[in-house]
Chemist: 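First the structure, then my questions, so here it is.
No hydrogens, no waters, no symmetry mates; every other heavy atom, side chains included, goes into these values.
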Amino acid sequence: MSALPARHRRALYLCIHLCLAAVLCGCATARPELAQVRALAAGNEALSAFSELSQRHVDSYQRARPYLSPAEDARERLLDAQRRAAQADAARLAQAVRLYLQALGRLADADGYDVRPELAGAGAALRAWPGSGIDDRHVSAYTLLLQQLSRLSGEASQQTHLAQVLHDGDAPLQALLAALDSLLALYDKSGDNERDMVLGLLDVEIAYADTPQQRLLAVLAKNMQQSKTEEYRLAGLRHTLARRQLAALGREHARLAATLTTTEARWTDR
């Protein structure tokens, strides 16, 4: 390279920089998979619903307590202690999924792998200055280092990292989602038991209170019965919806893992 005329060397360095810029511009082209990963990471409705329903499950004894017989109260006290002891671990499961999705969102960020500011900060093409300590070896090293930096940039590298994380994370994520689904099924069943105890007591009390002397009490009890019936109906629907959302989350993650793994080699080649 030192044998080339100075103007040829300058043209060569300029060409190298233009090639690097072209690579970066090509890598900056938006790809739908990255937007889909970001959407997956931002969609936390299922986890929010799980947290709310988990708290409702823990509060079951407090809601049902006024309606319990002494024998039922003793049994529910034990169940209440078990529910509260397991609550922390249930919350940790949901938090692990939430943190994983947040990390995916950061990995899929549009500017997460953009090192164009660093390359721009490298300045103009380096020139050799014989006798001053900067020779052609340094020029070559400078160019190669910038080339390595450019390989870290853009969506080809981002694709590789995301594909690996999605592939390796799919199995444990599916296992945790299955655990959350099982917990929601347990919460739903526990809610049905609470409903049967509360509404069962109201049925009995309304029958005994349905007399002229206790007409007002019967009206109030019937209103409460209607309100509680609707409350438990909506809670059941929320359990069903949350389980469907968890299943959809698992399917979308598996789809993206397969899609990015399949296309990773093609994009790397490009």
Side-chain angles (χ1 to χ4, degrees), residues 36-68 72-73 75-105 169-170 172-206 220-256:
Q36 291 165 6
V37 172
R38 292 194 295 271
L40 175 75
N44 57 2
E45 295 88 354
L47 297 177
S48 297
F50 175 85
S51 298
E52 294 172 4
L53 291 170
S54 181
Q55 187 60 51
R56 176 178 172 82
H57 174 68
V58 171
D59 295 338
S60 177
Y61 174 67
Q62 298 301 322
R63 285 192 306 274
R65 187 176 182 181
Y67 306 92
L68 301 176
E72 290 172 334
D73 186 80
R75 184 187 68 229
E76 289 300 314
R77 278 180 181 272
L78 293 176
L79 292 175
D80 180 61
Q82 294 174 6
R83 284 191 287 263
R84 294 187 180 279
Q87 169 69 1
D89 286 336
R92 289 188 184 98
L93 290 177
Q95 180 67 358
V97 175
R98 184 177 289 106
L99 291 174
Y100 171 75
L101 292 178
Q102 289 174 353
L104 278 184
D170 189 58
L173 176 71
Q174 301 298 339
L176 290 187
L177 292 179
L180 297 182
D181 181 75
S182 297
L183 287 170
L184 284 173
L186 173 65
Y187 299 163
D188 194 27
K189 183 178 180 181
S190 175
D192 289 345
N193 292 336
E194 178 190 327
R195 176 200 63 199
D196 293 343
M197 287 188 297
V198 172
L199 296 183
L201 176 66
L202 288 173
D203 283 338
V204 173
E205 294 299 325
I206 289 172
L220 293 174
K222 288 178 181 178
N223 287 337
M224 180 177 291
Q225 184 184 44
Q226 292 175 355
S227 176
K228 284 292 183 181
T229 299
E230 182 66 7
E231 175 187 339
Y232 291 121
R233 186 185 74 83
L234 292 177
L237 292 176
R238 290 184 66 198
H239 285 104
T240 300
L241 177 60
R243 295 183 69 182
R244 289 177 179 173
Q245 290 173 329
L246 286 177
L249 175 62
R251 288 194 301 270
E252 179 64 3
H253 186 278
R255 185 190 71 80
L256 286 171

Chemist: Any side-chain heavy-atom pair from M197 and Y67 closer than 4.5 angstrom?
Modeler: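 The answer is no, as the side chains (C-beta and beyond) never meet within the 4.5 Å cut-off.
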Chemist: For a quick test of reading the model, state the closest non-hydrogen atom pair linking Y100 to H253 and the distance between them.
Modeler: OH-NE2, 2.7 Å
Chemist: Nearest heavy-atom pair of A46 and A242: which atoms, and what distance?
Modeler: CB-O, 4.5 Å
Chemist: Carefully, step by step, assess L180 and L47 under the rule side chain to side chain contact (heavy atoms under 4.5 Å, CB included).
Modeler: CA-CA 9 Å; L180 297 182; L47 297 177; 4.0 Å; yes
Chemist: Looking only at non-hydrogen atoms, find the nearest pair between L101 and A41 and report the distance.
Modeler: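 So the minimum-distance heavy-atom pair works out to O-CB, 3.0 Å.
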Chemist: Please check: side-chain N/O of S190 versus main-chain N/O of L186, any donor-acceptor pairing under 3.5 Å?
Modeler: no
Chemist: What's the verdict on side chain to side chain contact (heavy atoms under 4.5 Å, CB included) for L104 and L256, showing C-alpha distance, side-chain angles and the deciding distance?
Modeler: CA-CA 11 Å; L104 278 184; L256 286 171; over 6 Å; no
Chemist: For residues Q82 and L79, determine if any side-chain heavy atom of one lies less than 4.5 Å from a side-chain heavy atom of the other.
Modeler: yes
Chemist: Is it the case that more than 12 heavy atoms not belonging to R244 sit under 6.0 Å from its CZ atom?
Modeler: no
Chemist: If you count every heavy atom of other residues, nucleotides or ligands that lies below 6.0 Å from M224 atom CE, does the total exceed 12?
Modeler: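 Not buried by this count: 12 neighbours or fewer within 6.0 Å.
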Chemist: Roughly how far, to the nearest 0.5 Å, is CD of Q245 from CG of L177?
Modeler: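 One finds 12.0 Å between CG of L177 and CD of Q245.
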Chemist: For the residue pair R98 and Q102, establish whether any side-chain heavy-atom pair is separated by less than 4.5 Å.
Modeler: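 Yes - at least one pair of side-chain heavy atoms lies under 4.5 Å apart.
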Chemist: Less than 4.0 angstrom from a charged side-chain N to a carboxylate O is my criterion; do D192 and R195 meet it?
Modeler: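 Judged by the 4.0 Å cut-off on N to carboxylate O distance, D192 and R195 do form a salt bridge.
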Chemist: Using 0.5 Å steps for rounding, measure from the CG atom of D73 to the CG atom of L78.
Modeler: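 D73 atom CG to L78 atom CG measures 10.0 Å (nearest 0.5 Å).
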Chemist: Does a donor on one side chain and an acceptor on the other come within less than 3.5 Å for Y232 and E194?
Modeler: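 Side chains of Y232 and E194: pair found under 3.5 Å.
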Chemist: Got a second to check how far Q174's CD is from R251's CZ, nearest 0.5 Å?
Modeler: 10.0 Å
Chemist: How long is the straight-line distance from CG of L176 back to CG of D181, given to the nearest 0.5 Å?
Modeler: 12.5 Å
Chemist: Show your reasoning for whether side chain to side chain contact (heavy atoms under 4.5 Å, CB included) applies to E230 and L234.
Modeler: CA-CA 6 Å; E230 182 66 7; L234 292 177; 3.8 Å; yes
Chemist: Please check if the side chain of S54 supplies one atom and the backbone of F50 the other of a donor-acceptor pair under 3.5 Å.
Modeler: no
Chemist: Under a 3.5 Å distance rule, please check whether T229 uses its side chain to pair with a backbone N or O of Q225 as donor and acceptor.
Modeler: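 Confirmed, T229 side chain pairs with Q225 backbone.
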Chemist: Run the side-chain hydrogen bond (donor to acceptor under 3.5 Å, both in side chains) test on R92 and Q95 for me, step by step, so that the C-alpha distance in whole Å, both residues' side-chain angles and the decisive distance to 0.1 Å come before the verdict.
Modeler: CA-CA 5 Å; R92 289 188 184 98; Q95 180 67 358; over 6 Å; no
Chemist: Below 4.0 angstrom, N of the basic side chain to O of the carboxylate: do R83 and E76 qualify?
Modeler: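 Salt bridge: yes.
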Chemist: Nearest 0.5 Å, what's the CG-NE2 distance between L183 and H239?
Modeler: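 Here the interatomic distance stands at 10.5 Å.
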Chemist: Under 3.5 Å, is there a donor-acceptor pair linking the side chains of R84 and Q87?
Modeler: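 Looking only at side-chain atoms, Q87 and R84 do not form any donor-acceptor pair under 3.5 Å.
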Chemist: Quick one: which of R56, Q55, H57, Q62 gives a side-chain hydrogen bond (donor to acceptor under 3.5 Å, both in side chains) with D59?
Modeler: Q55
Chemist: Can you give me the closest heavy-atom contact between L184 and L53, atom names plus distance?
Modeler: CD2-CD1, 3.8 Å
Chemist: To the nearest 0.5 Å, tell me how far N193 CG sits from R75 CZ.
Modeler: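 With rounding to 0.5 Å, CG (N193) is 8.0 Å from CZ (R75).
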Chemist: Would you indicate whether the side-chain heavy atoms of L199 and L202 approach each other to under 4.5 Å?
Modeler: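 A side-chain contact under 4.5 Å exists here.
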